[in-house]
Amino acid sequence: MVGGKKKAAASVEPLKTKESSEPPQYCSWLMKSEPESRFEKEIDLKVQSLISTACFPKHFGIEELKALPDQTGCWDGVRNYQARNFMRQMKDGQLAFFYHSNCKEPGIAGIMKIVKEAYVDHTQFDKKDIHFDANSKADNPKWSMVDVQYQRMVKRYIPLSELKKYHLQHRAKGGPLKDMGLFTRARLSVQPLTTEEFEFILTLEDKEPL
DNA sequence: GCCAACGTTGGC
DNA sequence: GCCAACGTTGGC
């Protein structure tokens, strides 16, 4: 099934650029978001209601993306240079896994599509926003975001624990997840996936949980 | 809730 | 430019 369509496979292949100095081009991604907010878990609801809700990070799981008009939203609030730089490499039409982090069972919940390439993240200029950045100047914004559109849920939720088992297997004996960023660069919230990683994870949808 | 890993900041 | 202190991420 995966790789069966030549055309699709070709469009997902990482493009080796002619100029060897250029960074490698990635075609698929993994983006993390917290479906539950740590603040809202820990701060008393009454106290919270007295404070501007904009001061708190929002819950943003895949259900929230799905509920937006056109099932499309901006991926704002990324405040890490590596993650930002990866977002700036994203191209219209590329696919990304929606990963649920910092929750009961972290893992891959669904698939979304990049529908607008990197542009200025407005939240950096909003004093009331949790992601406000006083060091960012309007004539030289530091932070970018992309727009993503919900595509579908995965056929079954793919928990981190399962990906980790494969990662460990593959690290020992070889396999597509041996260097997966989820484990080698655990704190990076926007990560590129190789074609092999992306396609292998898709095959897990049709397999029994490990 | 705890804490390890790691990115950022700032003193020197 | 080093590096200690600090803050954040995110699994457990």
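Throughout, a chain's letter reflects where its sequence line sits, starting with A, and its residues are numbered from 1. These numbers were taken from a predicted model, which means no experiment stands behind them.
- No side-chain N or O of A/R84 forms a donor-acceptor pair with one of A/S189 less than 3.5 Å apart.
- Side-chain N/O atoms of A/K32 include none lying less than 4.0 angstrom from OP1 or OP2 on C/dT9.
- In this structure, A/Y99 reaches the C/dG11 phosphate: one of its side-chain N or O atoms is under 4.0 Å from OP1 or OP2.
- Rounded to whole Å, the distance from CD on A/Q82 to P on B/dA5 is 18 Å.
- The CG-P distance, from A/N80 to C/dG7, rounds to 18 Å in whole Å.
- Defined by atom type and a distance below 3.5 Å, a donor-acceptor pair is missing between the side-chain atoms of A/W29 and A/Q191.
- The interatomic distance linking A/L188 (CG) with C/dG10 (C1') rounds to 13 Å, in whole Å.
- Rounded to whole angstrom, the span from the CD atom of A/E34 across to the C1' atom of C/dT9 amounts to 8 Å.
- Aromatic rings from A/W143 and A/Y119 are positioned such that their centres are separated by 6.0 Å or more.
- Ion pairing of A/R152 with A/E205 is present here, as a side-chain N (NZ or NE/NH1/NH2) and a carboxylate O approach within less than 4.0 Å.
- Computed from coordinates, the A/L30 CG to C/dT9 P distance equals 16 Å when rounded to whole Å.
- Taking side-chain N and O atoms only, A/K164 has no distance below 4.0 Å to OP1 or OP2 of C/dG10.
- The distance from atom CD1 of A/I130 to atom C1' of C/dG7 is 13 Å, rounded to the nearest whole Å.
- Of the candidate nucleotides C/dG10, C/dG11, C/dC12, C/dG10 has the atom nearest to the side chain of A/S189.
- The nearest whole Å value for the distance from the NZ atom in A/K142 to the P atom in B/dG7 is 16 Å.
- For A/Y81 and C/dT8, the OH to P distance is 15 Å, given to the nearest whole Å.
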